[in-house]
Number of protein chains: 2
Amino acid sequence: MTATKKAQPRGRPRSFDIDEAVDRAVKLFHRRGYDAVGVAELGSELGIKPPSFYAAFGSKAGLFEQALERYTASKANVFNNALLEGGSVAEVIERTLLEAARIYPERDGTAGCLVIDGARNSTDPEARALVAALKVAGRARIRDFIATEFPTRADELADLLVIALAGMSSAARDGAKASTLKAFAEAASRAFRHEAARA
Amino acid sequence: MTATKKAQPRGRPRSFDIDEAVDRAVKLFHRRGYDAVGVAELGSELGIKPPSFYAAFGSKAGLFEQALERYTASKANVFNNALLEGGSVAEVIERTLLEAARIYPERDGTAGCLVIDGARNSTDPEARALVAALKVAGRARIRDFIATEFPTRADELADLLVIALAGMSSAARDGAKASTLKAFAEAASRAFRHEAARA
DNA sequence: GATTATTTTTAGTGACCGCTACAAAAAAAG
DNA sequence: CTTTTTTTGTAGCGGTCACTAAAAATAATC
């Protein structure tokens with residue numbers, strides 16, 4: 001019994017695919033940022049009307065939360081993916097930076113990182129809190145991993161990576177080319193090894 | 001004759017100080033970003049009403065343009081100030097990074113760089129174009145200066161600085177402490193010297 | 001067929017957005 | 001004084017924001 005759909009419940013069936021809707025929302029929020037995407041646009045892009053939207057997601061921020069979950073569980077989570085391939089700390093950090101340089105440049109209208117810049121300058125406290133929590137958790141994971149090899153400098157080295165990624169996301173959203181980000185990522189990776197070897 | 005005020009013109013005198021209004025606008029736009037600051041709030045903060053606002057600045061984007069001019073002519077222009085103190089390319093870049101680490105952390109509600117992040121995710125094409133032009137011009141000045149010592153690697157080295165500054169602005173707006181930014185700036189400065197010496 | 005449960009569509013809500021028409025007010029010029 | 005010029009305050013423009021009340025539609029269940 002391969003049940004993905006649990007025997008149709010009672011009422012009128014939903015006329016749209018929630019998973020696909022979240023995927024489209026990821027793209028829209030990534031493209032233009034949380035505030036710049038309106039519920040009206042989300043509705044028309046998702047092919048649903050406001051009441052269906054709110055019945056399914058609760059609020060605009062609710063959809064953003066699901067979009068962030070989808071995003072961080074995808075290949076866009078560059079550190080997670082680099083970590084899965086194993087290797088030394090320096091190797092994982094290098095793969096993280098190079099992968100960011102590969103996926104951050106504009107593609108299909110999206111650029112940079114949704115978590116880093118998706119709620120930048122947003123007026124919505126809920127949206128800001130959602131990305132802030134993800135940033136804190138992400139940085140903690142990076143720091144703890146670095147600490148396995150460099151326990152006394154883990155914070156400083158984690159900040160080096162986090163700030164470098166933020167710069168790359170920012171630059172990508174400003175139109176930086178893949179070659180530019182790749183050169184920066186390589187320099188940042190060399191800097192990481194150099195800093196890790198210091199003191 | 002020390003004329004800053006040109007013999008009062010004909011009509012009703014302006015009831016507010018334009019220079020001070022621009023200063024306050026710089027702070028507001030810097031604090032929350034272009035889109036998040038409304039004309040109504042600008043008006044009440046500046047003590048003027050819409051018609052006076054539009055008579056003086058033409059539009060919200062017009063005030064933003066003046067705010068950007070004020071900002072880039074101030075001590076916030078870290079590269080300009082570092083350049084004025086002279087020294088080698090590596091020294092100027094180091095001062096640029098360290099000065100950014102000093103002024104980017106949150107102070108009086110403002111953090112990071114108004115040019116880099118002030119119109120991030122804005123929906124207003126005019127505001128985006130204004131900061132985009134400043135970014136292009138700023139990067140060109142940095143690249144040309146670096147080229148005086150490193151003509152073959154000026155672009156790559158300029159991107160290293162520009163992306164590092166973007167990362168610092170982003171991190172500062174996310175609450176990074178001065179000590180965090182300082183450590184990053186020092187590492188970035190070392191990376192710059194190291195990259196400049198390569199090849 | 002009748003009941004119940006869920007989602008749908010229709011048609012809005014009040015609040016805020018950037019911006020403006022209009023006329024009174026306040027100054028210099030005649 | 002009157003005229004001319006500029007800025008002011010009052011009031012409100014059309015548009016968009018996130019969101020919702022109410023009832024019709026569509027399914028399983030009784």
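Convention: sequence-line order gives letters A, B, ...; per-chain numbering from 1. Since the model is a prediction, treat every value here as computed from it, not as a measurement.
- Here the closest non-hydrogen pair linking Ile18(B) and Gln66(B) is CG2-OE1, 4.4 Å.
- Within residues 16-43 of chain B, the residues approaching DNA chain D are Phe16(B), by heavy-atom distance under 4.0 Å.
- In this structure, Gln8(B) atom CD and dT7(D) atom P are separated by 11 Å, rounded to whole Å.
- Atom NZ in Lys49(B) sits about 6 Å away from atom C1' in dG9(D), given to the nearest Å.
- Considering only side-chain N and O atoms, Tyr54(A) lies nowhere under 4.0 angstrom from the phosphate OP1 or OP2 of dT20(D).
- Ring geometry for His30(B) versus Tyr71(B): interplanar angle over 60°, hence perpendicular rather than tilted (30 to 60°).
- Between Asp124(A) atom CG and dC17(D) atom P there is a gap of 14 Å when expressed in whole angstrom units.
- Projected onto DNA chain C by closest heavy-atom contact, Lys60(B) and Gly11(B) fall at different nucleotides, the more 5' of which corresponds to Lys60(B).
- Using a 4.5 Å heavy-atom cutoff, the side chains of Arg190(A) and Arg198(B) are in contact.
- Using a cut-off of 4.0 Å between Lys/Arg side-chain N and Asp/Glu carboxylate O, Glu195(B) and Arg153(B) are scored as salt-bridged.
- Among the atoms of the strands shown, only primed sugar atoms or phosphate atoms (P, OP1, OP2) are found under 4.0 Å from some heavy atom of Ser15(B).
- Straight-line distance from the CD1 atom of Ile48(B) to the P atom of dT7(D): 12 Å, rounded to whole Å.
- Two residues are said to be in side-chain contact when any heavy atoms from C-beta on lie closer than 4.5 Å; Asn81(A) and Glu99(A) fail this criterion.
- In summary, the side chains of Asp35(B) and Thr123(B) do present a donor paired with an acceptor at a separation below 3.5 Å, with no hydrogens or angles considered.
- Each of dT6(D), dC19(D), dT4(D) was ranked by its minimum atom distance to the side chain of Arg12(B); first place goes to dT6(D).
- In the 5' to 3' direction, nucleotides of DNA chain C lying under 4.0 Å from heavy atoms of chain B begin and end at dG18(C) to dA29(C).
- Within the nucleic acid shown, Pro13(B) comes within 4.0 Å of sugar-phosphate atoms alone, with no base atom in reach, counting heavy atoms only.
- Residues passing the side chain to side chain donor-acceptor pair (under 3.5 Å) test with Arg120(B), sequence neighbours excluded: Ser170(A), Asp174(A), Asp117(B).
- Checked by distance alone, Arg10(A) brings no side-chain donor or acceptor within 3.5 Å of a matching partner on the base of dT29(D).
- The minimum heavy-atom distance linking Tyr34(A) with Ala61(A) is given by the pair OH-N, 3.1 Å.
- The shortest heavy-atom contact between Leu97(A) and Ala185(A) is O-CB, 3.5 Å.
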